[in-house]
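The first residue of the sequence shown is numbered 1, and numbering continues consecutively from there. Atoms within a ligand are numbered from 1 in the order they appear, just like the ligands themselves.
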Amino acid sequence: MSIFVFDAYGTLFDVHAAIGRFRDKAGPDADRMSDIWRTKQLEYSWTLTMAGRYAPFWTLTERALDFALARVPSVDKALKPQLLQAYFNLDAFPDARAALRTLKGKGHKTGILSNGSPDMLEPLVRHSGLRFDAVLSVDAVKIFKPAPQAYQLAVEKFGVPKERIGFVSSNFWDAAGAKSFGFHVFWINRGGVVGERLGFQPDRVLRSLGEL
Ligand code: 2OP
């Protein structure tokens, strides 16, 4: 495997870092609100895709936060701009930096393939200081992962057969979609959670990016 393509949110970057910075102000339902925010963000992307529609992931991130704040009224709605702003410099997971350095040191190429729109990914990657050979957004084809057209972007960018690309994701739905597409898939199961039964299994299950 000489090319490793990573999912961004939840794999390299911690989506719950946003609420983490405001947990005191957000109160006891902070984590529940953040879980709903993430769940709806993804659900909206799949629903639009199935309806044959597309809106940038940033728009869906904002709409999902509006829903989550409405659903969990104990969290102060005034936090909305700060929570959105935090999305531009989410913390990278502690294992990401060392893993990327090791892969590069071994001569591997690395990339990101994310549902995130370019205006989200550009500042996120810049603030993190992480370096990639390519940062690809599905916005180029205006359809979200796990649609095959989205994964095809990485094949076109790196110009190799898909089975030679190692695709790395902590999101099982993404790992399953990537396997269905034909990538060699690593599912990063940091929490040791039960795998989904979607009919596609990752090639390897790892506990951290450091095991790549
Ligand atoms: C991604 O970065 C949304 O986590 C998903 O593509």
Side-chain angles (χ1 to χ4, degrees), residues 4-19 34-50 53-65 67-68 83-84 86-93 95-96 99-100 110-128 130 132-155 157 165-181 183 185-191 193 195-196 198 200 202 206 209:
F4 288 85
V5 175
F6 294 80
D7 166 63
Y9 299 102
T11 301
L12 293 171
F13 301 99
D14 182 3
V15 291
H16 300 296
I19 196 69
S34 188
D35 281 342
I36 294 173
W37 182 11
R38 171 65 172 174
T39 303
K40 291 294 159 184
Q41 177 198 48
L42 297 174
E43 200 179 292
Y44 291 0
S45 70
W46 303 325
T47 306
L48 282 191
T49 297
M50 291 189 72
R53 294 178 184 274
Y54 176 83
F57 201 62
W58 181 246
T59 305
L60 305 188
T61 299
E62 184 170 2
R63 288 180 188 163
L65 179 56
F67 175 84
L83 289 170
L84 285 175
Y87 236 84
F88 295 122
N89 62 352
L90 295 171
D91 300 331
F93 283 107
D95 54 354
L100 287 163
T110 59
I112 285 180
L113 173 63
S114 175
N115 279 349
S117 36
D119 54 347
M120 304 168 70
L121 292 171
E122 191 280 321
L124 180 66
V125 173
R126 180 161 38 83
H127 284 134
S128 74
L130 299 176
F132 299 90
D133 296 293
V135 177
L136 306 173
S137 164
V138 304
D139 192 67
V141 284
K142 303 226 173 331
I143 189 164
F144 291 109
K145 295 183 292 178
Q149 300 95 308
Y151 297 112
Q152 181 65 24
L153 282 170
V155 175
K157 178 68 192 180
I165 293 182
F167 187 80
V168 186
S169 186
S170 296
N171 297 299
F172 196 98
W173 59 269
D174 190 22
K179 185 64 200 170
S180 162
F181 177 72
F183 285 149
V185 175
F186 300 87
W187 178 42
I188 309 300
N189 185 9
R190 290 191 181 90
V193 299
E196 307 275 353
L198 264 167
F200 294 94
L206 308 179
L209 293 174

Practice task
Using ring-ring contact (aromatic ring centres under 6.0 Å, His included) as the criterion, list what pairs up with Phe181, not counting sequence neighbours.
Solution key: Tyr151, Phe183

Problem - Within the protein, residues bringing a heavy atom under 4.0 Å of ligand 1, chain by chain - result: Asp7, Ala8, Tyr9, Arg38, Leu42, Phe57, Ser114, Asn115, Lys145, Asn171

Show the atom names and distances, to 0.1 Å, of all donor-acceptor pairs under 3.5 Å that link a side chain in residues 57-65 to residues at least two apart or in another chain.
| from | atom 1 | to | atom 2 | distance (Å) |
| --- | --- | --- | --- | --- |
| Thr61 | OG1 | Gln41 | NE2 | 2.9 |
| Thr61 | OG1 | Phe57 | O | 2.7 |
| Glu62 | OE2 | Lys80 | NZ | 3.1 |

Practice task
Compute whether any side-chain donor of one residue and acceptor of the other, for Tyr54 and Asp139, lie under 3.5 angstrom apart.
Solution key: yes

Exercise for the section: Only counting residues at least two apart or in another chain, list the ones meeting side chain to side chain donor-acceptor pair (under 3.5 Å) with Gln149. Expected result: none

Handout entry: Heavy atoms of other groups near Lys157 NZ, more than 12 under 6.0 Å
Key = no

Fill in the blank from the handout: Between Trp173 and Leu198, the two heavy atoms sitting closest are CA-CD1, 4.1 Å

